[in-house]
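All chains are named by letter (A, B, ...) in the order of the sequence lines, taking the proteins before the strands, and each is independently numbered beginning at 1. Because the structure is predicted, anything quoted here is derived from the model rather than measured.
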There are 2 protein chains.
Amino acid sequence: MSDEHLKLDNMLCFALYACSREMTRLYRPLLDDLGLTYPQYLTMLVLWEEGEATVKHLGERMYLDSGTLTPLLKRLEQSGLVTRERSRTDERVVVIGLTDAGRDLKAQAQDIPKKLMCKSNLQMDEFNHLKNEFESLLKRMQALKD
Amino acid sequence: MSDEHLKLDNMLCFALYACSREMTRLYRPLLDDLGLTYPQYLTMLVLWEEGEATVKHLGERMYLDSGTLTPLLKRLEQSGLVTRERSRTDERVVVIGLTDAGRDLKAQAQDIPKKLMCKSNLQMDEFNHLKNEFESLLKRMQALKD
DNA sequence: TGTTATTTGATTGCACACAATCTAATTGTT
DNA sequence: AACAATTAGATTGTGTGCAATCAAATAACA
């Protein structure tokens, strides 16, 4: 019965993969109102939290590399939400900052987490439980990338 | 302290998003040996399980639409692993089948789940626990897409 | 100091994801 | 039979993801 191991229904990884896409699908209509995609929203979250950040730092926060971030950040710049400037002390570093419009967008984003909790029918304790499990799994997998 | 809701570290969705990418990253080196990407591997799993399937059915199993599947299936056809044929009873339907090479690849894929369990340092009971949680979350989110 | 190594982003190329639109085929209704 | 509605895939366009490669700048050190 070794075939059972290969069955799609059995696979943890598939559940994770499908869950992740379903979740971003729940976000989509809310983010459309802000004119953001989900990864762009994550980027703005970091910037709202920290004011500004280097490309490298954004990559570390979101586990994304420059091949993904550079075009994404250029689109956010095009949208007038962020600025991109080379650091004067180290010309290799690009610092991403917020424009006024980018800062203002935060107000519109404030109620997204609440709307999503409602939409997903999750109670606060379930929510936290799941988050903790994902985060511990993430940490374990992160530890394996040597 | 409503800002806390917007903090990246707090977000269930981000944990899911990052976990999912980390997991496919764990698969990548194993799948490279088979010449498959992760979504291609999922497609082959369904075909190994069911022998053949319509594009529609593959989409339902994996929650993917034709815009994703059509080019992916063409690549699998190019690789000589699957066949694509219009159904004779309903010309709208495209049936995806396995070639001999596609069937043979299953043998090489047999030990991927085991390798991955080792790699991820998960015990069987943890594995099943997580899988169940993901699947119930997935089911709940699926129920919301009306 | 001069050279090597490392770091930081950018670029390129390929493969998803997915919305929107289109075409062809089938089904339903009258 | 005639025609509207539905269904299955294909196509197009935009936006990630990520490996591989590159160039410029900085750090390290013999």
Side-chain angles (χ1 to χ4, degrees), chain A residues 14 16-29 31-32 34-44 53-79 81-82 84-96 145, chain B residues 14 17-29 31-32 34-44 53-60 62-79 81-82 84-96 145:
Chain A
F14 172 71
L16 204 47
Y17 164 81
C19 260
S20 171
R21 283 186 299 114
E22 275 309 307
M23 189 65 101
T24 63
R25 207 169 296 176
L26 283 184
Y27 268 92
R28 204 182 315 276
L31 293 177
D32 280 349
L34 309 196
L36 294 175
T37 65
Y38 181 66
Q40 287 170 7
Y41 171 63
L42 292 180
T43 305
M44 295 303 287
T54 66
V55 175
K56 178 183 168 58
H57 179 70
L58 290 171
E60 284 168 352
R61 273 312 280 284
M62 299 187 276
Y63 308 100
L64 291 172
D65 74 356
S66 70
T68 302
L69 283 173
T70 297
L72 183 155
L73 292 168
K74 283 182 177 174
R75 276 186 283 273
L76 286 178
E77 189 186 28
Q78 283 291 311
S79 310
L81 297 174
V82 310
R84 298 181 341 113
E85 267 181 64
R86 294 227 168 243
S87 157
R88 236 177 292 286
T89 61
D90 185 340
E91 286 284 341
R92 292 170 307 180
V93 174
V94 172
V95 179
I96 308 299
K145 63 155 21 161
Chain B
F14 172 72
Y17 164 80
C19 260
S20 171
R21 284 186 297 113
E22 276 308 307
M23 189 65 100
T24 64
R25 206 169 296 176
L26 283 183
Y27 268 93
R28 204 183 313 278
L31 293 177
D32 280 348
L34 309 196
L36 295 175
T37 64
Y38 181 66
Q40 288 171 6
Y41 171 63
L42 292 180
T43 304
M44 295 304 287
T54 65
V55 174
K56 178 183 167 60
H57 178 71
L58 289 172
E60 284 168 353
M62 299 188 279
Y63 309 100
L64 291 172
D65 74 357
S66 70
T68 302
L69 283 174
T70 296
L72 183 154
L73 292 168
K74 284 183 177 172
R75 277 185 284 272
L76 285 178
E77 189 186 27
Q78 282 292 310
S79 310
L81 297 174
V82 309
R84 295 178 346 111
E85 267 181 66
R86 293 228 168 243
S87 157
R88 235 176 294 284
T89 61
D90 186 340
E91 286 283 345
R92 291 170 306 180
V93 174
V94 172
V95 179
I96 308 299
K145 65 161 13 167

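- The residue among T68(B) and L69(A) whose nearest nucleotide of DNA chain C lies closer to the 5′ end is L69(A).
- An OP1 or OP2 oxygen of dG17(D) is reached within less than 4.0 angstrom by no side-chain nitrogen or oxygen of Y63(A).
- Distances were taken from every side-chain heavy atom of T70(B) (C-beta onward) to each of dT16(D), dA8(D), dT11(D); the shortest belongs to dT11(D).
- Protein atom CG of L31(B) is 15 Å distant from nucleotide atom C1' of dC18(D), rounded to whole Å.
- Across all strands, T37(A) comes closer than 4.0 Å only to sugar-phosphate atoms, never to a base (heavy-atom distances).
- Computed from coordinates, the L36(A) CG to dT16(D) C1' distance equals 14 Å when rounded to whole Å.
- R92(A) approaches R86(A) most closely through the heavy-atom pair O-NH1, 3.2 Å.
- Atom pair L34(A):CG and dG15(D):C1' shows a separation of 17 Å (rounding to whole Å applied).
- In this structure, the side chains of L81(A) and L36(A) come closer than 4.5 Å at one or more pairs of heavy atoms.
- Ring planes of Y17(A) and Y38(B): perpendicular class, angle over 60° (limits at 30 and 60°).
- Side chains of T24(B) and R28(B) form a contact here, defined as non-hydrogen atoms less than 4.5 Å apart.
- Looking at heavy-atom distances under 4.0 Å, T89(A) makes contact with sugar-phosphate atoms alone, never a base.
- Taking 4.0 angstrom as the limit, R75(A) places none of its side-chain polar atoms (N or O) nearer than this to OP1 or OP2 of dT14(D).
- Heavy-atom nearest nucleotides on DNA chain D were determined for L72(A) and for E91(A), and the one closer to the 5' end corresponds to L72(A).
- Put simply, the side chain of I96(B) reaches to within 4.5 Å of the side chain of V55(B), judged on heavy atoms.
- Rounded to an integer number of Å, the gap from Y38(B) OH to dG17(D) P is 16 Å.
- The separation between E60(B) atom CD and dT7(D) atom C1' is 12 Å, rounded to whole Å.
- The closest side-chain heavy-atom distance from P39(B) to L72(B) is below 4.5 Å.
- Checking dG15(D), dC18(D), dG9(D) against every side-chain atom of V55(B), the shortest atom distance belongs to dG9(D).
- In this structure, T24(A) reaches neither bases nor backbone, as no heavy-atom distance under 4.0 Å exists between it and the strands shown.
- From the 5' end on, the contacts that DNA chain C makes with chain B at under 4.0 Å to a non-hydrogen atom open and close at dA15(C) to dT26(C).
- Between R25(B) and the phosphate of dG17(D), there is no side-chain N or O to OP1/OP2 separation shorter than 4.0 Å.
- Taking atom CZ of R88(A) as the reference point, atom P of dT26(D) lies 13 Å away to the nearest angstrom.
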Exercise for the section: Please step through salt bridge (Lys or Arg N to Asp or Glu O under 4.0 Å) for the pair E22(A) and R25(A), ending with a clear verdict. Expected result: CA-CA 5 Å; E22(A) 275 309 307; R25(A) 207 169 296 176; 3.1 Å; yes

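- For the pair K56(B) and dA10(D), the criterion of a side-chain N or O lying under 4.0 Å from OP1 or OP2 is not met.
- Spacing between atom CZ of R21(B) and atom C1' of dC18(D) amounts to 10 Å, rounded to whole angstrom units.
- R75(B) places no side-chain N or O within 3.5 Å of a backbone atom of Q40(B) that could act as its donor or acceptor partner.
- Among the protein residues, D90(A) comes within range of the sugar-phosphate backbone only, with heavy atoms under 4.0 Å from sugar or phosphate atoms but none that close to a base.
- Atoms CG (D32(A)) and P (dG15(D)) sit 12 Å apart, rounded to a whole Å.
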